[in-house]
Undergrad: 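Take this structure first; my questions come after.
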Amino acid sequence: MKVFISFDMEGVAGIVDWSQCLPPGQPYEEGRRLLLGEVNAAIDGALAAGATEIVCNDSHGAMSNLDPERLHGQATYVSGRHKPLYMMQDLEAGADVVFMVGYHGSISGESSILSHTYNPSVVSHVTLNGARVGESGINALVALACGVPIGLITGDRQTAAEADPFLADAERVVVKESFTRFGAVNQHPEVARAGITEAARRAVERVASLRPPAIALPATLEVHLQTADMAEVASWVRGAERTGVRTVTIGGDDPMAMFRSFVAVTYITRQSEGR
Ligand SMILES: [Zn+2]
């Protein structure tokens, strides 16, 4: 039983500010301790239910936020930048179930701590098959391509709500209630970790009944950008078609190709960030 954990940082209990998510500094050191606690809590639950192999993909910032030797379960650590599959790197090697830990709300949704969709300076709104989608649903394209169900998602209330259309079977753990993008009522880290461990255990126990992400194919990913320049640059990506002044559309029946086009859009549009 192999578990693949894609973890972000903004959705961890106790984190409400960028200073806790970006080095250097004391707030960041606190943030990465909180993050490690939740990742290890998910690992502990998976191991308790019989998981034998854990792969953790660091999906936040420079993507090397944890001390590798402090990961539980002798987990493999996928870290560092320029990953072809970004937040889902190494899932292509196969797994039995995906966990999403520390996830956050989309940029265009209700207030959610540090909400964004990949790049807050560029991406203003994304829909998948007509429904607003955050990083969980976009990353689910890779899970669908690999035929792996998503068993767990953790974050604030909004993160859980946005997972509903695409991750119907996933256990949800709400560790904080955001009232703005920079304020939330946070569970105590010990309470959040206990909830994550329990849900991770349930997810692994239920794995045989979990279905792949609910994304109908062919699918349409509509990416709205902040400026027309960004949409122009984005349209240079293979698979991305300019469909509006500030919009590109990525479509097709190959979810992996769609995700790769989306990742390329997030990379190339960094060149057009200036406004
Ligand atoms: Zn992040």
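Because the structure is predicted, anything quoted here is derived from the model rather than measured.
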Undergrad: With sequence neighbours excluded, tell me which residues meet side-chain contact (heavy atoms from CB on, under 4.5 Å) with Phe179.
TA: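 For Phe179 the side-chain contact (heavy atoms from CB on, under 4.5 Å) partners, ignoring immediate neighbours, are Val185.
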Undergrad: Under a 3.5 Å threshold, yes or no: a donor from one side chain and an acceptor from the other, between Ser124 and Gln226?
TA: no
Undergrad: Under 3.5 Å, is there a donor-acceptor pair between the Ser19 and Asp17 side chains?
TA: yes
Undergrad: Could you list all the side-chain hydrogen bond (donor to acceptor under 3.5 Å, both in side chains) pairs where at least one residue sits in residues 46-58, not counting sequence neighbours?
TA: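 Matches after skipping sequence neighbours: Asn57-Lys83, Asp58-Asn65, Asp58-Tyr77.
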Undergrad: Taking all non-hydrogen atoms of both residues, which atom of Ala216 and which atom of Asn129 are closest, and how far apart?
TA: O-ND2, 3.0 Å
Undergrad: Applying side chain to side chain donor-acceptor pair (under 3.5 Å) between His104 and each of Thr117, Asp156, Asp8, report the one that passes.
TA: Asp8
Undergrad: Flag yes if more than 12 heavy atoms outside Arg206 fall under 6.0 Å of its CZ atom; otherwise flag no.
TA: yes
Undergrad: Angle class for the Tyr86/Tyr267 ring planes (parallel below 30°, perpendicular above 60°, tilted otherwise)?
TA: perpendicular
Undergrad: Does Lys2 come within less than 4.0 Å of Asp96, counting only side-chain N to carboxylate O?
TA: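 Salt bridge flag = no for Asp96 with Lys2.
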Undergrad: Are the charged groups of Arg172 and Asp164 less than 4.0 angstrom apart, N to O?
TA: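 Yes, charged N to carboxylate O under 4.0 Å.
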Undergrad: Please confirm whether the backbone N or O of Val12 pairs with a side-chain atom of Lys176, one donor and one acceptor, at under 3.5 Å?
TA: yes
Undergrad: Is it the case that more than 12 heavy atoms not belonging to Glu29 sit under 6.0 Å from its CD atom?
TA: yes
Undergrad: Do the side-chain N and O atoms of Ser6 and Ser59 include a donor-acceptor pair separated by under 3.5 angstrom?
TA: yes
Undergrad: Between Asn186 and Glu177, does any side-chain donor sit less than 3.5 Å from a side-chain acceptor?
TA: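 Their side chains do not contain a donor-acceptor pair, so the 3.5 Å distance test is not met.
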Undergrad: Indicate yes or no for a side-chain donor-acceptor contact from Glu162 to the backbone of Ser106 under 3.5 Å, with no hydrogens or angles considered.
TA: yes
Undergrad: In terms of side-chain heavy atoms, does Ser64 have a donor or acceptor partner in Ser79 at a distance below 3.5 Å?
TA: no
Undergrad: Regarding Ser115 and Arg181, do their side chains bring together a donor and an acceptor under 3.5 Å, going by distance alone?
TA: yes
Undergrad: For residues Met9 and Ile15, report the shortest heavy-atom separation together with the two atoms involved.
TA: O-CD1, 3.5 Å
Undergrad: Do you know the tightest heavy-atom contact between Ile150 and Pro213?
TA: CD1-CG, 4.0 Å
Undergrad: Look only at the side chain of Arg270 and the backbone of Glu273, and say whether a donor-acceptor pair between them is shorter than 3.5 Å.
TA: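 Judged by distance alone, no pair lies under 3.5 Å.
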Undergrad: Judged by modelled atom types alone, do Glu10 and His60 share a side-chain donor-acceptor pair under 3.5 Å?
TA: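 A pair is found: one side chain offers a donor N or O, the other an acceptor, under 3.5 Å apart.
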Undergrad: Could Glu205 and Arg201 be called an ion pair, given the rule that one side-chain N must be under 4.0 Å from one carboxylate O?
TA: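 Looking at Glu205 and Arg201, the cut-off is met.
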Undergrad: How close do Ser136 and Ile153 get, counting heavy atoms only, and between which atoms?
TA: CB-CD1, 3.6 Å
Undergrad: Provide the closest heavy-atom pair for Gly102 versus Thr154 in the form atom of the first, atom of the second, distance.
TA: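 In terms of heavy atoms, the two residues are closest at N-OG1, 2.8 Å.
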